[in-house]
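Note that these values count all heavy atoms, side chains included, but never hydrogens, waters or copies made by symmetry.
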Amino acid sequence: MTISVAVSGASGYAGGEILRLLAAHPDIEIRTVTAHSNAGQPLIDHQPHLRSLAHLTLQDTTPEILAGHDVVFLALPHGQSAQYTEQLAGTPLVIDAGADHRLTSKDAWDAFYGGEFPEPWTYGVPELPIANGKQRDRLAGATRIAAPGCNASTVSLSLSPGVAAGVIDASDIVSVLAVGPSGAGKSLKTNLLASEILGSANPYAVGGTHRHIPEIQQALTDAGAAGPVRISFTPVLVPMARGILATSTAPIAPGVSDEQVRDAWESAYAGETFVQLLPAGQFPRTADVLGANTALMGLAIDRAANRVVVVTAVDNLVKGTAGAAIQSMNIALGLPEATGLSVNGVAP
């Protein structure tokens, strides 16, 4: 069976990555690509690396054009996806790569986004531990999926095993991330110009203001946090086009041994294809996951500070966004979960 797909925001980074991955998916026919200001132009003019899709022309992003497909991906800026929800009611599966449908708390939405609170959709990070299972259990048969924020899913995957097992204290989390600028999208912004970021590291959204914070809190609460989830979260732009390297730490719970700490992560991700814990003493590089739907993590136990340290590398456009969306699509449609996705990165 061939599954027809439309991708909105197809001229952007997230939309382009969704298309790159879908182009290799054996069950998918990419039938429609849409954009806003670039409508009417050949897709290949904006995504010149997508040679197999050179026959496609960008159309207007309207409900009428997006409707009539088996799956619609919305790769739109914050605040633009929710307007299509009702008008795509007849579409069997809609996947939002934006933020509009990720949060379940109206208070969190009001504090970090504002405006009308959209309906929460099923969260698209299959490997996340939740009470009595994994998030993939909720994705099976889902018809509306919210793909994750790249920083949020990286930190959540890093720490949720420890929260679920009760071996860390979620009230004192510190996470610092080195982030590539492609996560900010393709629109022109002065702070993302090459002359601004080359040879420099630039912190942003410092002091608890980043919009991915409530998403992390939501995921770790779902993992079974016994009390409030408090996190100091600091992303830093670094001069690499893709990638996130997240260093997250949290206190080790009283009476927990080193073996219990490591076992929590080993047990959580045993058998997972796309989330892999490295052997003790090894830590990942962003280069190791370039182009892959893989989250690689290393774990250290700092007894002098009585904290666990988790270092996780992902490609923000793949495992952080497009890969997670397609992995979740596969689960929702009953396809093999890894279809169209690679665990292997590109090197050098």
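Under the 4.5 Å side-chain heavy-atom criterion for grouping Ile, Leu, Val, Met, Phe, Trp and Tyr, L139 is not connected to I130 through any hydrophobic cluster. Cluster membership check: L56 does not share its hydrophobic cluster with I65, using side-chain heavy-atom separations under 4.5 Å among Ile, Leu, Val, Met, Phe, Trp and Tyr. No path of Ile, Leu, Val, Met, Phe, Trp and Tyr side chains, each step under 4.5 Å between heavy atoms, connects Y13 with V314, placing them in separate hydrophobic clusters. A chain of hydrophobic side-chain contacts below 4.5 Å, direct or via other Ile, Leu, Val, Met, Phe, Trp or Tyr residues, connects V167 to V308. In the hydrophobic cluster analysis, where Ile, Leu, Val, Met, Phe, Trp and Tyr join through side-chain heavy atoms closer than 4.5 angstrom, Y204 is grouped apart from V174.
E196 places no side-chain N or O within donor-acceptor distance of the main-chain N or O of K189, the cut-off being under 3.5 Å. Between the side chain of T57 and the backbone N or O of L43, no donor-acceptor pair lies under 3.5 Å. For E29 (side chain) and S4 (main-chain N/O), no donor-acceptor pair under 3.5 Å exists by modelled atom type. Panel note: side chain Q218, backbone T104; a donor-acceptor pair is recorded below 3.5 Å. For S8 (side chain) and A75 (main-chain N/O), a donor-acceptor pair under 3.5 Å exists by modelled atom type. Put simply, the side chain of S342 gets close to the backbone of N344: a donor and an acceptor are under 3.5 Å apart.
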Start with the C-alpha gap between L76 and Y84, add the side-chain angles, then the distance that decides, and say whether side-chain contact (heavy atoms from CB on, under 4.5 Å) holds. CA-CA 11 Å; L76 303 171; Y84 298 103; 3.5 Å; yes
(message) For T91 and H69: C-alpha separation, side-chain torsions, deciding distance, then whether side-chain hydrogen bond (donor to acceptor under 3.5 Å, both in side chains) applies.
(response) CA-CA 6 Å; T91 302; H69 299 80; over 6 Å; no
Hey, mind stepping through V72 and V5 against side-chain contact (heavy atoms from CB on, under 4.5 Å) and telling me if it holds?
CA-CA 6 Å; V72 171; V5 170; over 6 Å; no
Notebook entry, point to check: Under the side-chain contact (heavy atoms from CB on, under 4.5 Å) criterion, do T247 and L177 qualify, and how do the steps go?
Noted result: CA-CA 6 Å; T247 302; L177 298 81; over 6 Å; no
Check: Given the rule in the side-chain hydrogen bond (donor to acceptor under 3.5 Å, both in side chains) test, do Q41 and H46 qualify, once you have shown the distances and angles that lead to the verdict?
Finding: CA-CA 8 Å; Q41 301 174 29; H46 297 273; 2.5 Å; yes
Assess whether side-chain contact (heavy atoms from CB on, under 4.5 Å) is satisfied between D100 and Q80, documenting all intermediate values.
CA-CA 8 Å; D100 289 18; Q80 295 188 21; 5.5 Å; no
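Counting only N and O atoms by type, the side chains of D60 and T62 include no donor and acceptor under 3.5 Å apart.
In this structure, I28 and T2 approach most closely via the heavy-atom pair C-CG2, 4.4 Å. Contact detail for D96 and W121: the closest heavy-atom pair is CB-CZ3, 3.7 Å. Counting all heavy atoms, side chain and backbone alike, T249 lies closest to V309 at CG2-CG2, 4.0 Å. Closest non-hydrogen pair, V163 versus A170, comes out as CG2-CB, 4.1 Å. Minimum heavy-atom separation, Q276 to T273: NE2-O, 3.0 Å. When all heavy atoms are compared, the tightest approach of R242 to S182 is CA-OG, 3.9 Å.
Counting non-hydrogen atoms of other residues, nucleotides and ligands closer than 6.0 Å to NE2 of H25 gives a total above 12.
Of the inter-residue distances, the one linking I18 atom CD1 with I95 atom CD1 reads 8.0 Å to the nearest 0.5 angstrom. Here S105 contributes atom OG and E215 contributes atom CD; the two are 13.0 Å apart, rounded to the nearest 0.5 Å. Atoms CD1 and CD1, on I216 and I173 in that order, are 8.0 Å from each other to the nearest 0.5 Å. Here the CD1-CZ distance, from I252 to R307, works out to 9.5 Å after rounding to the nearest 0.5 Å. Taking CD of Q47 as the start and NZ of K186 as the end, the distance is 4.5 Å to the nearest 0.5 Å.
The side chain to side chain donor-acceptor pair (under 3.5 Å) with E127 is formed by just one residue from the set R136, Q327, Q135, K134; it is Q327.
You'll find the ring centres of H78 and Y113 inside the 6.0 Å limit.
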